[in-house]
Amino acid sequence: MADGMAGSGSGGGGAEDWRARLGWAFGLVADDPAERAAALAHLEGARKNTWAARDRCNELWHLTSPLGPDEQYREPAFRRAREVYGDVCGRSLPEGLWVGEDVLGPGLPYALLFLEWEARFPREWTRHAKAWGTKQSLIRSVAAADHTQPTRAKLIDLVEVVVQRAYRCKDREYVRVARAVDGEDLRRRLGEVAASDNPWARLHAGYVLRLLERPGVPNTRHVWRTWVREASGGSHDPCA
């Protein structure tokens with residue numbers, strides 16, 4: 001029951017609200033290992049708080065169920081538990097990204113942060129905040145052509161990082177981003193990666209370039225798997 005109520009306590013808010021809730025998270029992509037470790041420790045505590053609040057919310061949901069839906073959601077203890085759960089969710093990842101209605105507003109830096117974390121430090125991301133659905137949703141949200149130049153540059157960097165590694169779940173979604181920020185700089189970088197000695201990098205960069213050059217070709221699982229089979233002699237992606 002409580003899993004569907006993330007964000008019920010604190011609203012999306014403006015830039016100050018996002019900074020107060022998740023400003024610590026930029027340490028997750030810090031170059032300094034000590035700073036990154038501190039951010040990971042913060043996240044671990046935040047997630048423990050989230051799980052405890054969820055368990056309390058679920059407990060009270062079961063206890064107040066006999067009241068009926070109308071009275072149950074007015075019951076003070078259950079209502080307060082839901083508020084606490086929403087508040088602590090907003091201070092954790094990935095739950096904090098579910099708070100608010102528009103990730104392209106004040107929450108955009110945190111959406112990009114989450115994607116950068118997964119791209120640069122995939123093992124830490126997988127261990128501490130694995131959320132493939134959130135990754136997919138964020139990629140689709142940021143795949144827009146009307147970003148400011150700094151955001152476009154960040155998205156181009158993300159595409160370049162992602163295509164240089166072995167395929168991870170939902171990486172194929174980055175074709176959307178590449179098409180949204182297509183240009184000379186991106187194609188030059190992809191061309192350099194496609195000519196590298198790394199077979200995975202050549203595979204991924206070649207696929208993205210192919211779809212940029214052929215905007216009418218859909219970025220489907222079938223198209224991806226056909227490309228993988230033809231380009232790598234039978235290797236297949238771990239998940240799409």
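Hydrogens, waters and symmetry mates play no part in the numbers below; they use all other heavy atoms, side chains included. In this text the structure is predicted, and so the values were computed from the model without any measurement. Throughout, residue positions are numbered sequentially from 1 according to the sequence presented.
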Measuring from E35:CD to L28:CG, what's the distance to the nearest 0.5 Å?
9.5 Å
E173/R176 ion pair, N-O < 4.0 Å
yes
Less than 4.0 Å between a side-chain N and a carboxylate O, is that true for R120 and D31?
yes
Between R21 and D17, does at least one N-O distance fall below 4.0 Å, as a salt bridge requires?
yes
Quick check: do T226 and E230 have side-chain heavy atoms less than 4.5 Å from each other?
yes
Are F121 and W125 connected in the hydrophobic side-chain network, where two residues link if heavy atoms are under 4.5 Å apart?
yes
Salt-bridge contact E192-R188 (side-chain N to carboxylate O under 4.0 Å):
yes
Could you tell me which residues satisfy salt bridge (Lys or Arg N to Asp or Glu O under 4.0 Å) with E124, sequence neighbours excluded, listed by chain and number?
R36
In Å, rounded to the nearest 0.5 Å, how long is the span from CZ of F114 to CG of L22?
11.0 Å
Taking the side chain as C-beta and beyond, is there a heavy-atom pair between R56 and Y85 under 4.5 Å?
no
Aromatic rings Y167 and H204: how do their planes relate, parallel, tilted or perpendicular, breaks at 30° and 60°?
perpendicular
Under 3.5 Å donor-acceptor pairs involving side-chain atoms of residues 208-216, not counting sequence neighbours:
none

Is the shortest distance from a Lys or Arg side-chain nitrogen in E118 or R165 to a carboxylate oxygen in the other one below 4.0 Å?
yes
